[in-house]
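A note on names: the letters A, B, ... follow the listed sequences, proteins ahead of strands, and every chain is numbered from 1.
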Amino acid sequence: GAVVSQHPSRVICKSGTSVKIECRSLDFQATTMFWYRQFPKQSLMLMATSNEGSKATYEQGVEKDKFLINHASLTLSTLTVTSAHPEDSSFYICSANLGARTDTQYFGPGTRLTVL
Amino acid sequence: DQQVKQNSPSLSVQEGRISILNCDYTNSMFDYFLWYKKYPAEGPTFLISISSIKDKNEDGRFTVFLNKSAKHLSLHIVPSQPGDSAVYFCAASAPGTYKYIFGTGTRLKVLA
């Protein structure tokens, strides 16, 4: 199957700093990528849909100025958590699909963010 | 409002027996459903999908059943193996969108 990577896998940062997480599709081009957040023992919550060459579409309740998304190329989307606070600590996962809506979404391995 | 629900947070099954994981949804517009498996600190991996034009899809040990009138789907794993122990998420999608709505997950433990 298609491979999606994320970097870093773990990051610990101080409150008030910004953290960038990269999501790459390694063997396919993804016009659309998705960013999810998972709290412990909870579902994956879709944060935003990242579209190559255009602005991301954010889900209701997700602050776009807090979670900056850039999809600069067909293989790379980045999520920047700005001015991070302890409540932003979570597991962030990206996914990408191959094109058609019913194509499988391939998920990255996730990034564990801990804000001290 | 949780549009996709997995009411059983956990399930334990003996190795070799059948595992049945259930998922209910409220949005009648959903027409495509998937099951994902997830290990701790990893991203979900795709297992099996089903379109609303079908009521069953089978792939090896995994079978997904869809009951549209009841807005219910289930994943059957038979025979269950210890390596199947993971959290299983169902997800649903509606026409015109790439978005998947995920359930809260069921932790399956297969006992050797």
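- Judged purely by atom type and a 3.5 angstrom limit, A/Asp27 uses its side chain to pair as donor or acceptor with the backbone of A/Val3.
- Annotation: maximal heavy-atom pairing with chain B below 4.5 Å, among A/Gly110, A/Pro109, A/Cys94, occurs at A/Pro109.
- With a 4.5 Å cut-off on non-hydrogen atoms, A/Leu44 touches chain B through its backbone and its side chain both.
- Contacts with chain A were tallied for B/Ala41, B/Ala91, B/Gly105; B/Ala41 has the most, counting heavy-atom pairs under 4.5 Å.
- Counting heavy-atom pairs closer than 4.5 Å to chain A, the top residue among B/Arg107, B/Gln6, B/Glu42 is B/Glu42.
- Neither the backbone nor the side chain of A/Gln6 comes within less than 4.5 Å of any heavy atom of chain B.
- Here the side chain of B/Ser74 pairs no donor or acceptor atom with the backbone of B/Asn22 at under 3.5 angstrom.
- The closest donor-acceptor contact from the side chain of A/Ser73 to the backbone of A/Leu76 lies under 3.5 Å.
- Using a 4.5 Å cut-off between heavy atoms, B/Tyr36 touches chain A through its side chain atoms alone.
- Listed here is the closest heavy atom pair of B/Gly16 and B/Pro79: O-CB, 3.5 Å.
- At least one side-chain heavy atom of B/Leu108 sits under 4.5 Å from a side-chain heavy atom of B/Ile77.
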